[in-house]
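First the structure, in the form of structure tokens, and then the observations on it.
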Number of protein chains: 2
Amino acid sequence: MELRHIRYFLAIAEEKNFTRAASKLHIAQPPLSQQIKDLEYELGTPLFHRTPHGAELTDAGAAFFEAVKVLPLQIRQAKEAAQKAAKGETGKLRLGVTGTAALHPAIPAVIRQFRRRYPEVELTIEEANSLALAQGMLTDRLDAAILRPSDPDPKTLTIEHFLTEQLVIALPSAHPLARDTNAINMLALQQEPFIMTPRSLAVSLHDAVVAVCHAAGFEPIEGQAAPQIASILSMVSAELGISLVPESMRQLSVKGVVFRSIGDTASKVELAVAYPSLHPSQPALNFAAVVRQQKSAREALLAE
Amino acid sequence: MELRHIRYFLAIAEEKNFTRAASKLHIAQPPLSQQIKDLEYELGTPLFHRTPHGAELTDAGAAFFEAVKVLPLQIRQAKEAAQKAAKGETGKLRLGVTGTAALHPAIPAVIRQFRRRYPEVELTIEEANSLALAQGMLTDRLDAAILRPSDPDPKTLTIEHFLTEQLVIALPSAHPLARDTNAINMLALQQEPFIMTPRSLAVSLHDAVVAVCHAAGFEPIEGQAAPQIASILSMVSAELGISLVPESMRQLSVKGVVFRSIGDTASKVELAVAYPSLHPSQPALNFAAVVRQQKSAREALLAE
DNA sequence: ACATGTTGATATGTTTTAGATATAAATATG
DNA sequence: CATATTTATATCTAAAACATATCAACATGT
């Protein structure tokens, strides 16, 4: 039995007439009779009473009709389900976000935009450092991530730049330099211990901090290591040292910590969207597309 | 899209391997690849990731799988539904029973047997006189009936004899002849008015009564006409006359009525099963078969 | 490292079968 | 009773499913 038999059977059941059904099916009447004959042979029972004015269902035909009438709709829905999944309109997106990015207002904006555009995609968000995110994507635990890119990232990931932000200085509020709200010259910090995330966990942030110091002409004194942004700020608050953090951290107001701009040296850290190069899921590609679109919108806004 | 595509797709999804799926489907591997390619083209998206060690579902493939995995079962069930209906194991039987037959113990036995043999058939029973039953079958209100056959029944009905029963005399209990429990000679009744169903409603019963009188050598005096068996007996009870009724009526004990056997003359009325000759429903044929079987059983029992 | 055995894809020929055309048989209808 | 319906049958054609042979890609094991 093939779907053709079902389609032909249903057409005759509806038209109650072989000839009309055949023309509706865009075939001639003899092959239609033939196909129904084959179907009846396979079922072992006639499905229609043939009369000189058409055809009507037998009891067996009526029972068969009840069982198969939903099939064409089911087939159409199966097709649509496959196509929606292929377009990434259904399914799931396991998204990773690096800890120091979640506070940037562009990130929730991107996520909001994605949810609006793809409401049927089940979205789960995981927060971790950039290294863990990269590994998550390679081990198929994550589909895409917002992270701070680093050049030595393996070629197995596709990374698309999203935005660049400045670094700012996080100071204990009791620090002498905190009295002034003006920008601070980096050289004034060359004796301070720098609280940093270990390079192994967040390559690009670490390197950016070091680069700023080098540009100012000194090597930073490495103070306490801290794996997450929250712990950095509480260490600053505890007066264990100072830190350079992305400016979006200003969103976070922590007691005993003030932020100051860098006065003399240019600095930048990047946020990017990443997904596996090998078999990226369609929702991941769609998410990257939303990021690109948001990036254009941001840049148009900044250019005004 | 044809069911072949679904079957092939499901086989590969299960085996996760084109070659193994092909041998399971008893076809070679190239046509299988070709069919899947065609299916993917129709859906507009790949369904499998081909790898050097087999094939696994894409997201679209997984969505398609969820939608079509029940189809083979559904097709099988549709087939079975048609076959059961064709065998008369499902559907309905609208059965008519003539009023003077319902009391014969063989009738409930037949119905009980049919219900046991065809438990999924919806059975409705209607009681009416033989004429109404015959018309009901010709106007497709009834599928089969137990009735008292009469020769002039149109050739549009198939009638199969079931059993023959004797007539007995129904007397008011105050009647002088009721004092004796012996059989009564018909000639003793030639002055009594006979309460009868009109010939137009129950040809064979009427004719049988008249035949018994003729055999005894007299013309019965027609008394009150009564359409149903219950009214005959209450008229006898009211001493409006006497009546000849099928012996199964002895089951009915009506106050003021006694039954006596006919002493001298042979008499018989028949019960038969009937169904339309033109398009008998399978349940009707099955019912007739149960009647035949019950008839054999009865005759074997009586022959002992 | 390289031969070997997997995998699925491609090319081409054969066979099956769906469908077309022509016609017949059956049965209502004017 | 002729005519216009209906579905069924016979025969042919064209499409498509399938088979065989072969290839290309990749993993694996000596």
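Letters A, B, ... are given to chains in the order of the sequence lines, protein chains preceding strands, and every chain is numbered from 1. This structure is a prediction, so every number in the text was calculated from the model and none was measured.
Computed from coordinates, the A:Q34 CD to D:dT13 P distance equals 18 Å when rounded to whole Å. Atom CZ of B:R4 and atom P of D:dA16 are 10 Å apart (whole Å). Distance, B:L25 CG to D:dC18 P: 9 Å, rounded to whole Å.
A:Q34 meets the side-chain hydrogen bond (donor to acceptor under 3.5 Å, both in side chains) test with A:D38; sequence neighbours excluded. The ring-ring contact (aromatic ring centres under 6.0 Å, His included) search around B:H161 returns none, not counting sequence neighbours. The side-chain hydrogen bond (donor to acceptor under 3.5 Å, both in side chains) test applied to A:S277 returns A:T158, not counting sequence neighbours. For the side-chain hydrogen bond (donor to acceptor under 3.5 Å, both in side chains) test, residues two or more places apart in sequence or in another chain that qualify with A:R94 are A:D140, A:D143. Shown here are the salt bridge (Lys or Arg N to Asp or Glu O under 4.0 Å) partners of B:K87, two or more places apart in sequence or in another chain: there are none. Remark: A:Y275 pairs with A:E160 by the side-chain hydrogen bond (donor to acceptor under 3.5 Å, both in side chains) rule, at least two apart or across chains. A search for side-chain contact (heavy atoms from CB on, under 4.5 Å) contacts involving A:E42 returns A:M1, B:K79, not counting sequence neighbours.
A salt bridge is absent between B:R7 and B:E2; no separation between the charged side-chain nitrogens and carboxylate oxygens falls under 4.0 Å.
Among the protein residues, B:Y8 comes within range of the sugar-phosphate backbone only, with heavy atoms under 4.0 Å from sugar or phosphate atoms but none that close to a base.
Reading DNA chain C from its 5' end, the first and the last nucleotide to sit under 4.0 Å from a heavy atom of chain A are C:dA18 to C:dA28.
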Scan nucleotides 6-8 of chain D against the protein and return all N/O pairs shorter than 3.5 Å with their distances rounded to 0.1 Å.
| from | atom 1 | to | atom 2 | distance (Å) |
| --- | --- | --- | --- | --- |
| D:dT6 | O4' | A:P52 | O | 2.7 |
| D:dT7 | OP1 | A:F18 | N | 2.5 |
| D:dT7 | OP2 | A:T19 | N | 3.1 |
| D:dT7 | OP2 | A:T19 | OG1 | 2.4 |
| D:dA8 | OP1 | A:R50 | NE | 2.6 |
| D:dA8 | OP2 | A:S33 | OG | 3.1 |
| D:dA8 | N7 | A:Q29 | NE2 | 3.0 |
| D:dA8 | N6 | A:Q29 | OE1 | 3.2 |

